[in-house]
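Below, read A as the first sequence line, B as the second, and so on, with proteins coming before strands; counting in each chain starts at 1.
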Amino acid sequence: MAGAALTVEQIDYAVRGKALLRGVSLDLLAGKVNVILGPNGAGKSTLLKIVSGRLKPTGGRVLYDGEDVGQIDAATLARRRAFLSQHVEIDAAVSVGTVAMMGRYPHFARTPGHRDRDIVEGALALVGIAHLRDRLYPTLSGGEQQRVQLARVLAQIWADESAPVRRTLLLDEPLAGLDIQHQLQLLDVLASLTAEGCTILMTVHDLNLAIERGDRLVFLRDGMVADTLDRPATPDDALIRRVFDVGATMLTGADGQAALRFHR
Amino acid sequence: MRGLAWSRVQLLLAAALLLAVLAALCTGAFFFPPAQVLRFAGQSLGLVAEGEDTFERNVFLMLRLPRVLLCGLTGATLGLSGALMQGLFRNPIVEPGLAGTSSGAALGASIVLVFGGEATAITAPLGAAAVPAMAFAGGLAATMLVYRIASVFGKTDVLALLLAGIAVNAACNAGTGFLSYIARDPQARSITFWNLGTFTTANWPGTALVAAIFLPCLLIVLRQGKALNALMLGEDDAAYLGLDPDRLVFRLLVLNTLIVSVATAMVGVIAFVGLIVPHMVRLLRSSDHRFLLPASALIGATLMELVDVLARLVIRPAELPVGIITALIGAPLFLYILLLHRRRLAG
């Protein structure tokens with residue numbers, strides 16, 4: 001099943017007269033890893049929330065397979081697209097298994113079925129936290145909590161052979177709270193999702209990881225698209241300066257992979 | 001397996017409630033032996049032949065039975081409301097007493113009690129329903145005010161919530177106090193007594209009204225376990241799971257205010273039950289609302305029956321307002337919960 005064709009058309013968004021996004025159009029690759037890059041305050045998280053359907057834009061529209069996100073019924077949308085937030089705090093004694101099962105809430109009415117349980121087990125195993133299933137969520141470290149949330153959103157849009165849908169996963173700074181090993185693990189999980197045809201759109205701060213793993217990079221600055229690059233992306237010094245206000249030197253590693261070093 | 005264990009705990013809680021109800025039916029100014037209580041029940045159902053103790057039976061049917069039922073319904077209301085509000089505000093130290101719901105409802109009801117239902121154009125056509133209707137209006141206004149002040153960008157701020165609750169409670173209590181001061185003597189006495197919470201005035205019409213409001217609301221709320229769980233993630237993440245958090249919170253707050261206001265209009269303000277009961281449930285099992293909500297209703301009812309038994313025994317043949325006992329038990333428990341939280345935060 002191919003990933004959802006996700007189209008973002010001429011998005012404007014303003015809060016109290018202050019424009020946060022201006023005429024943002026994204027042409028995203030279906031079934032690939034799309035990355036939004038930009039400095040703090042560029043409008044990345046706002047754009048992601050608009051794409052998710054949580055925020056209504058003041059102008060423009062977001063289309064999932066040609067269907068306006070505002071027109072898609074909430075439950076249907078929840079089975080087709082999931083969203084991993086930056087940090088989810090829970091101040092209640094709930095187990096990891098219960099939190100992960102919340103990802104299946106759009107799929108069952110009152111009690112989870114065998115399939116839902118299997119999927120949650122699969123998602124916990126995929127993220128490598130099956131052993132934490134009975135631990136209480138608030139007692140986990142920040143990185144572990146983030147991985148529980150990843151398992152939850154994976155369970156939400158887990159592939160269903162009997163009723164295939166075109167799936168989309170949105171992630172807001174998914175690498176931020178993770179150590180290097182788990183950053184790479186998360187990126188591997190995303191790669192396996194795209195191999196199944198899931199469309200990925202995420203915001204990332206680490207330019208080098210974005211270049212290495214992203215299929216399409218969108219640079220955002222002051223609420224506008226500054227540039228879009230496809231793999232193999234080699235952003236030049238001028239672009240980095242224009243978007244991030246820093247200088248950059250491109251180095252080439254022994255494996256031929258380009259890496260950026262930054263300076264003022 | 002977990003489902004089985006849950007239903008077993010629920011069964012135990014239901015059995016405890018039945019025992020507490022039986023104890024409450026026996027105790028009071030008049031003591032009815034359990035065998036007599038069962039015989040009354042049998043006679044009312046037409047299973048047992050009429051006896052000679054018709055006077056006792058009338059006392060039992062007209063005074064004791066509605067009182068015990070009202071007491072159980074009120075306890076279930078407060079327990080459920082505590083669990084519900086703690087879920088909606090995503091904060092374990094909320095309850096209808098702290099959030100202004102009860103005192104707002106009391107103020108609304110006092111207005112009708114002092115001036116009479118005929119005094120205003122709005123309440124005149126309501127007749128006997130004027131007291132609960134005005135209680136609902138007062139409770140809703142107070143709750144929504146506290147909620148608006150405490151929620152910023154979809155999150156509730158604990159400090160703002162408590163401070164807003166204190167201010168709204170103070171204003172409402174001042175209003176009720178003013179009304180009882182200007183009221184003629186018998187009204188004033190009833191307001192003061194009822195401000196501490198009491199089941200002495202229980203009668204069949206009042207009990208029936210509380211039941212008619214509470215039971216349908218209970219069924220609706222019990223269906224929201226999944227949604228309230230999802231709300232633990234925060235409003236944004238609940239929305240990504242397909243919920244409409246704004247509408248959910250608003251509807252359940254109105255429902256919550258309705259059940260609390262109607263109970264308050266009948267029995268007055270009873271503090272701390274809504275706060276303590278969900279914490280007792282969490283000690284039992286977990287914070288999963290599919291368990292928390294029904295268990296809080298059951299434990300709330302059981303606790304209320306026991307407190308009312310105590311209220312009737314302590315200074316027998318007179319009795320204490322139940323609100324005094326719940327505050328005496330609840331306040332130290334509340335402090336203990338705060339200490340536990342601090343210790344947990346300190347690691």
Side-chain angles (χ1 to χ4, degrees), chain A residues 15 45 48-49 51-56 72-95 97-112 117 133-134 136-139 145 148-149 152-153 155-157 168-172, chain B residues 1-4 6-7 83 86-94 153-158 222-248 278-279 281-292 294 337 340-341 344-345 347:
Chain A
V15 175
S45 297
L48 213 52
K49 278 194 179 180
V51 171
S52 77
R54 173 69 175 141
L55 278 184
K56 294 219 182 319
I72 305 174
D73 150 72
T76 310
L77 186 62
R79 289 190 285 267
R80 282 164 49 174
R81 79 87 186 85
F83 191 112
L84 181 67
S85 299
Q86 269 190 50
H87 178 59
V88 177
E89 199 181 327
I90 302 180
D91 184 25
V94 280
S95 71
T98 305
V99 174
M101 184 56 85
M102 291 179 192
R104 299 303 297 169
Y105 281 3
H107 301 267
F108 64 84
R110 298 217 59 179
T111 40
R117 281 184 235 278
R133 195 201 311 106
D134 296 322
L136 292 180
Y137 183 85
T139 66
Q145 293 187 346
V148 176
Q149 297 302 332
R152 175 177 65 81
V153 297
Q156 187 182 341
I157 52 163
T168 307
L169 179 57
L170 310 172
L171 307 95
D172 192 8
Chain B
M1 201 188 95
R2 174 166 284 187
L4 189 72
W6 280 21
S7 52
Q86 290 172 14
L88 291 175
F89 284 90
R90 255 169 297 136
N91 182 332
I93 53 167
V94 189
F153 302 120
K155 287 203 171 109
T156 43
D157 180 57
V158 188
L222 289 185
R223 296 179 68 87
Q224 302 300 322
K226 242 175 63 177
L228 282 161
N229 278 355
L231 209 55
M232 288 185 203
L233 300 168
E235 301 201 349
D236 282 345
D237 285 83
Y240 301 138
L241 286 172
L243 288 173
D244 183 340
D246 289 344
R247 217 170 61 176
L248 176 79
H279 282 276
V281 179
R282 288 196 190 94
L283 289 179
L284 266 181
R285 291 286 312 190
S286 78
S287 304
D288 190 325
H289 286 87
R290 287 166 294 180
F291 174 76
L292 186 63
I337 289 165
L340 276 187
H341 268 270
R344 211 177 69 191
L345 288 179

Q: Return the option, out of A:Ala74, A:Ala75, A:Gly53, with the maximum number of heavy-atom pairs under 4.5 Å with chain B.
A: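 So the answer, after comparing A:Ala74, A:Ala75, A:Gly53, is A:Ala74.
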Q: Taking A:Arg81 for its side chain and B:Tyr240 for its backbone only, find out whether a donor-acceptor pair lies under 3.5 Å.
A: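 Yes; at least one donor-acceptor contact below 3.5 Å.
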Q: With rounding to the nearest 0.5 Å, note down the distance linking CG in B:Leu231 to CE in A:Met102.
A: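 Between B:Leu231 CG and A:Met102 CE, I get 10.0 Å after rounding to 0.5 Å.
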Q: What part of A:Ile90 lies closer than 4.5 angstrom to a heavy atom of chain B: side chain, backbone, both or neither?
A: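 For A:Ile90, the contact with chain B is made by backbone and side chain together.
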Q: Can you see which heavy atom on A:Tyr105 is nearest to which on B:Arg290, and at what distance?
A: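 Taking every non-hydrogen atom into account, OH-NH2, 3.5 Å.
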Q: In this structure, are over 12 heavy atoms from other groups packed under 6.0 Å from A:Glu89 atom CD?
A: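 No.
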Q: Between B:Asp244, B:Asp288, B:Asp236, which residue shows the highest count of heavy-atom pairs closer than 4.5 Å to chain A?
A: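 Heavy-atom pair counts peak at B:Asp236.
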Q: With a 4.5 angstrom heavy-atom cut-off, could you sort out which part of A:Ser52 is near chain B: side chain, backbone, both or neither?
A: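 Answer is side chain: those atoms of A:Ser52 sit under 4.5 Å from chain B.
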Q: Can you check whether B:Lys226 reaches A:Arg104 side chain to side chain, under 4.5 Å on heavy atoms?
A: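 No, side chains not in contact.
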Q: Which pair of heavy atoms, one from A:Ala93 and one from B:Ser287, lies closest together, and at what distance?
A: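 What the structure gives for the nearest pair is N-OG, 3.2 Å.
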Q: In the structure I gave you, are the side-chain heavy atoms of A:Arg152 and B:Leu233 within less than 4.5 Å of one another anywhere?
A: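 Result yes, sub-4.5 Å side-chain heavy-atom pair found.
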Q: Do you know which of B:Met232, B:Gln86, B:Arg223 has the most heavy-atom pairs with chain A at a distance under 4.5 angstrom?
A: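 If we count pairs closer than 4.5 Å to chain A, B:Met232 comes out on top.
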Q: To check you understand the geometry: which heavy-atom pair defines the closest contact between A:Pro106 and B:Leu241, and what is its length?
A: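 Between these two residues, the closest heavy atoms are CG-O, 3.5 Å.
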Q: What part of B:Pro278 lies closer than 4.5 angstrom to a heavy atom of chain A: side chain, backbone, both or neither?
A: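 Answer is neither: B:Pro278 stays 4.5 Å or more from chain A.
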